[in-house]
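Worksheet for the structure shown next.
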Amino acid sequence: MYILAIDPGNIECGYVVLDKSMYPLEKGKVKNEELLEKIWSSEWEDVENVAIEMIASYGMAVGKSVFDTCVCIGRFHEALDASIPKFRVEFIYRKDEKLEICGNMKAKDSNIRQALIDKYSKHDFKNGKGTKKNQS
């Protein structure tokens with residue numbers, strides 16, 4: 001059983017495929033169309049759960065890029081439903097991410113990033129980036 005997590009954007013998205021122990025098997029930042037191609041190709045047929053970060057309204061005005069991201073979220077969801085019906089898609093909100101990863105609703109992106117580096121990086125605990133020899 002694997003988990004696919006998607007951090008959508010209006011042009012590009014980040015994704016990671018995790019094994020049952022939550023170890024990253026594949027990750028990347030790709031154009032939205034490239035991720036859709038991966039989904040339609042069924043190369044992730046062992047994936048059973050999918051988490052997509054969802055947009056939430058906090059009463060602030062938003063621009064075109066936010067609405068474009070919403071469209072991409074819908075396209076990912078539709079492709080996942082159609083390509084392999086066994087996928088269970090869940091939408092994850094940013095506030096829930098902050099609580100789960102950092103234990104605090106006031107966490108910023110930099111806090112989330114550092115918490116993930118601390119948890120998953122094997123070599124570079126400052127930036128979380130590996131080298132060709134020691135990939136993190």
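Note that the coordinates shown come from a computational prediction; the quantities given were computed from them, not determined experimentally. The basis for the numbers below is simple: all heavy atoms, side chains too, and nothing from hydrogens, waters or symmetry mates. One is the number of the first residue; the rest follow in order along the sequence.
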Could you give the distance from [atom1] ([X]) to [atom2] ([Y]), rounded to the nearest 0.5 Å?
X      : Y      : atom1 : atom2 : result
Leu18  : Leu4   : CG    : CG    : 8.5 Å
Met54  : His77  : CE    : NE2   : 9.0 Å
Asn104 : Leu99  : CG    : CG    : 7.5 Å
Ile101 : Gln114 : CD1   : CD    : 13.0 Å
Glu12  : Lys31  : CD    : NZ    : 5.0 Å

Decide yes or no for [X] and [Y]: does some side-chain heavy atom of the first lie under 4.5 Å from some side-chain heavy atom of the second?
X     : Y     : value
Ile6  : Glu53 : no
Ile55 : Val66 : yes
Ile3  : Lys20 : no
Arg94 : Glu97 : yes

Minimum-distance pair of heavy atoms, taken over all atoms of [X] and [Y]:
X      : Y      : value
Val47  : Val17  : CG2-CG1, 4.4 Å
Leu35  : Cys13  : CD2-SG, 3.3 Å
Thr69  : Asn10  : OG1-N, 3.1 Å
Lys108 : Asn111 : N-OD1, 2.7 Å

Note to self: Through direct or indirect side-chain contacts below 4.5 angstrom among Ile, Leu, Val, Met, Phe, Trp and Tyr, which residues connect to Met60?
What the structure shows: none
Notebook entry, point to check: With the 4.5 Å side-chain cut-off for hydrophobic clustering, are Ile92 and Ile73 part of the same group?
Noted result: no
Check: Taking a hydrophobic cluster as the set of Ile, Leu, Val, Met, Phe, Trp and Tyr residues connected by side-chain heavy atoms closer than 4.5 Å, whether directly or through intermediates, do Met105 and Tyr93 fall within one such cluster?
Finding: no
Does the distance from a Lys or Arg side-chain N to an Asp or Glu carboxylate O, for [X] and [Y], drop under 4.0 Å?
X     : Y     : result
Arg75 : Glu78 : no
Asp68 : Lys64 : yes
Lys38 : Glu26 : yes

Notebook entry, point to check: In chain order, what residues pass the side chain to side chain donor-acceptor pair (under 3.5 Å) check against Lys119, with sequence neighbours excluded?
Noted result: none
Notebook entry, point to check: Given the rule in the side-chain contact (heavy atoms from CB on, under 4.5 Å) test, do Phe76 and Tyr15 qualify, once you have shown the distances and angles that lead to the verdict?
Noted result: CA-CA 12 Å; Phe76 295 146; Tyr15 75 92; over 6 Å; no
Check: Among Asp96, Val50, Ile52, whose side chain to side chain contact (heavy atoms under 4.5 Å, CB included) with Phe91 holds?
Finding: Ile52
Note to self: Could you check whether atom CD1 of Ile11 has more than 12 heavy atoms from other residues, nucleotides or ligands sitting under 6.0 Å from it?
What the structure shows: no
Next item on the list: Could you check Leu25 against Tyr2 for side-chain contact (heavy atoms from CB on, under 4.5 Å), going step by step and ending with a plain yes or no?
Entry: CA-CA 9 Å; Leu25 300 173; Tyr2 298 125; 3.1 Å; yes
Next item on the list: For Asn32 and Gly9, indicate whether the former's side chain and the latter's backbone hold a donor-acceptor pair under 3.5 Å.
Entry: yes
